[in-house]
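These notes concern the structure reproduced below.
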Amino acid sequence: MGDKFAVGVDLGGTKILGSVVNLNTGRMVSTSKKKTRVVNEGLDLVKRISLVVADAIDESGMDPSKLAGIGIGAAGMVDREKGILLAAANLGANDVVLAEPLKAQFGLPVKVGNDVEVATLGELNFGAGRECNNFVCIFVGTGIGSGIVHEGRILRGGSGTAGEVGHIIVDNDGLVCGCGGYGCLETYASRTAVAKSIVYDLGRGMDSVLRDKIDPQKGILRSKAISQAVECGDRVALRAIHKAARYMGLGLATVINFYNPKRIIIGGGLVEAVPLFLELAEEEARRRCLRIPAKKTEIVQAELGDFAGTIGAALLVR
Ligand SMILES: [Zn+2]
């Protein structure tokens with residue numbers, strides 16, 4: 001039997017990435033990319049996705065009828081049965097029917113999943129989760145998301161929300177979180193939290209190489225800029241990383257104590273760009289969690305990087 005192929009689409013807040021992926025090897029045969037939103041262009045989200053899919057298929061040179069289907073990993077809440085994107089704050093979209101129109105256009109089965117779930121599937125099959133049937137994947141970005149793999153399958157929980165590591169409460173009287181609660185892990189340990197901490201220190205007059213690299217209104221700072229600042233010993237950047245990593249360690253300790261995974265896989269731009277973040281978080285986690293799992297739990301970096309989303313999305317079809 002020959003290899004099977006599917007289209008994987010990573011539908012993110014800023015860009016839509018599409019690839020034809022070999023489902024047997026996890027290798028991408030082609031790639032295509034578009035911005036998620038372009039002001040005044042008048043193309044809706046489904047149309048933009050369909051252009052990315054068509055481009056990816058074109059570039060692969062494959063006959064569309066030979067493909068197993070289209071998988072979409074969306075940054076938001078989804079209805080997997082109906083293939084609907086229910087709510088996605090970063091996409092500014094609600095109740096978008098994705099599966100049906102794409103199925104009609106391409107004549108292929110279409111599966112829709114959440115971005116963290118598909119990235120976890122990617123790591124499970126072709127990344128740092130290979131040959132491990134019991135692990136937690138944690139992705140640090142604008143927020144903190146995670147996927148739990150239990151006995152080789154994704155654990156969804158009683159109502160489908162399992163793995164909300166970003167909302168583990170680490171401070172009783174803490175900062176307000178996007179979820180409406182306060183003191184949640186992601187308000188202390190996400191890339192957004194690191195940027196906020198840097199903006200705060202700059203605002204109170206601390207000197208930093210990051211002063212002209214950050215947009216103080218939006219607090220947007222690229223992982224690469226943080227990494228360069230850390231490498232040159234910038235005090236503001238180091239303070240922010242130390243603080244965020246310490247909280248991340250508390251979150252990891254909770255995950256370890258509660259679920260006792262064999263392995264924790266951590267990914268996201270900040271984790272890749274700033275190795276110190278994971279080092280410090282791991283140190284704190286092992287110091288704070290129970291003695292036996294502290295010795296046994298493996299903590300490793302995710303392997304698929306930016307491609308976890310497209311490779312994992314394609315796997316939804318399998
Ligand atoms: Zn929260």
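Both counts, for ligands and for their atoms, begin at 1 and track the order of listing.
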### Query
When you check the space around the Zn ion (ligand 1), which protein N, O or S atoms turn up under 2.8 Å?
H167 ND1, C177 SG, C179 SG, C184 SG
### Option from V21, I57, V317 for which side chain to side chain contact (heavy atoms under 4.5 Å, CB included) with V7 holds
I57
### Task
Please check if any side-chain donor atom of T310 sits under 3.5 Å from a side-chain acceptor atom of D10, or the reverse.
no
### E284/R287 salt bridge by N-O under 4.0 Å criterion
yes
### Message
If hydrophobic clusters are built by linking Ile, Leu, Val, Met, Phe, Trp and Tyr wherever their side-chain heavy atoms come under 4.5 Å apart, do V9 and L121 end up in the same one?
### Response
no
### Joint hydrophobic cluster, V97 plus M77, side-chain heavy atoms closer than 4.5 Å
yes
### Message
Are F307 and V118 linked, directly or through intermediate hydrophobic residues, by side-chain heavy-atom contacts shorter than 4.5 Å (ILVMFWY only)?
### Response
yes
